[in-house]
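Naming convention: chains lettered A, B, ... in sequence-line order (proteins, then strands); numbering from 1 in each chain. Because only heavy atoms are used, hydrogens play no part in the values below, and waters and symmetry mates are left out as well, while side chains stay in. This is a predicted model, so every value here is computed, not measured.
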Amino acid sequence: NAGVTQTPKFQVLKTGQSMTLQCAQDMNHEYMSWYRQDPGMGLRLIHYSVGAGITDQGEVPNGYNVSRSTTEDFPLRLLSAAPSQTSVYFCASSYERRGLQYFGPGTRLTVL
Amino acid sequence: DQQVKQNSPSLSVQEGRISILNCDYTNSMFDYFLWYKKYPAEGPTFLISISSIKDKNEDGRFTVFLNKSAKHLSLHIVPSQPGDSAVYFCAASAGSNTGKLIFGQGTTLQVKP
């Protein structure tokens, strides 16, 4: 099993550009989440999904969109990137609602 | 409003000694707590968890203690090893319907040889 994979590893965007961060898991987990990690702020939940077709907002959802068309994939979209979205983004999945989450290796995003 | 707080940004201990990492929470609805460990340039990995029906959970060198009345949990690492040097995050969840985790800010542990 590859576990949770994320692409790309690194990305530099200009303000106003759009992009999609990809996340995939091969463990047949129902629950998937996106977090961002910023210095001194820990990991903050952006969006999460409890199954295909079902998504909900986390703590810091503004500026991000998600969809979940399959169990395996949970992409995160930035429609108009802003410097405040410079961060490290982690995707995670879990096989039960309150179970431990498996994290991907992260995507380091810089918005100029 | 930080619902999960790790007030010590960093901790340094000598190899072989005990490391104690602390975490406080404010939401009384939290009923499941986890500790994650993170190395640079990697994703967090699960370390140990505890349900609110328990006050202690042990796994090898790692023990988590939960004090519900004080809304406080701690992670003890005994004995500490240089390979334990990493950032440690505590996380909490409320109820069983969402799979949401709320994380603290993290504590950087350095274990000196």
[X] portion near chain B, given a 4.5 angstrom heavy-atom threshold:
X     : answer
A:E59 : side chain
A:Q6  : neither
A:L43 : both

Hey, is [atom1] on [X] packed in by over 12 heavy atoms from elsewhere, all under 6.0 Å?
X     : atom1 : answer
A:R44 : CZ    : yes
A:M27 : CE    : yes
B:R17 : CZ    : no
B:K68 : NZ    : yes

### Task
Below 4.5 Å from any heavy atom of chain A, which atoms of B:P9 appear? Answer side chain, backbone, both or neither.
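Neither; nothing under 4.5 Å.
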### Task
Go through the atoms of B:A91 and report whether side chain, backbone, both or neither lie under 4.5 Å from a heavy atom of chain A.
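Nothing of B:A91, per the 4.5 Å heavy-atom cut-off to chain A.
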Can you measure from [atom1] ([X]) to [atom2] ([Y]) and round to the nearest 0.5 angstrom?
X     : Y      : atom1 : atom2 : result
A:Y35 : B:L101 : OH    : CG    : 4.0 Å
A:M41 : B:Q2   : CE    : CD    : 6.5 Å
B:F46 : A:F103 : CZ    : CZ    : 11.5 Å
A:L45 : B:I102 : CG    : CD1   : 6.0 Å
B:K38 : A:F90  : NZ    : CZ    : 4.0 Å

### Message
A:Q101 vs B:Y36, test: side chain to side chain contact (heavy atoms under 4.5 Å, CB included). Steps then yes/no.
### Response
CA-CA 10 Å; A:Q101 297 193 6; B:Y36 282 83; 3.5 Å; yes
If Ile, Leu, Val, Met, Phe, Trp and Tyr residues are connected whenever their side-chain heavy atoms lie under 4.5 Å apart, and connections chain through other members, are [X] and [Y] in the same group?
X     : Y      : result
B:L21 : B:F89  : no
A:Y31 : A:I46  : no
B:L47 : B:L109 : yes
A:F74 : A:V50  : no

### Message
Below 4.5 Å, heavy-atom pairs only: which of B:Q105, B:Q6, B:E42 has the largest tally toward chain A?
### Response
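Most heavy-atom pairs under 4.5 Å with chain A: B:Q105.
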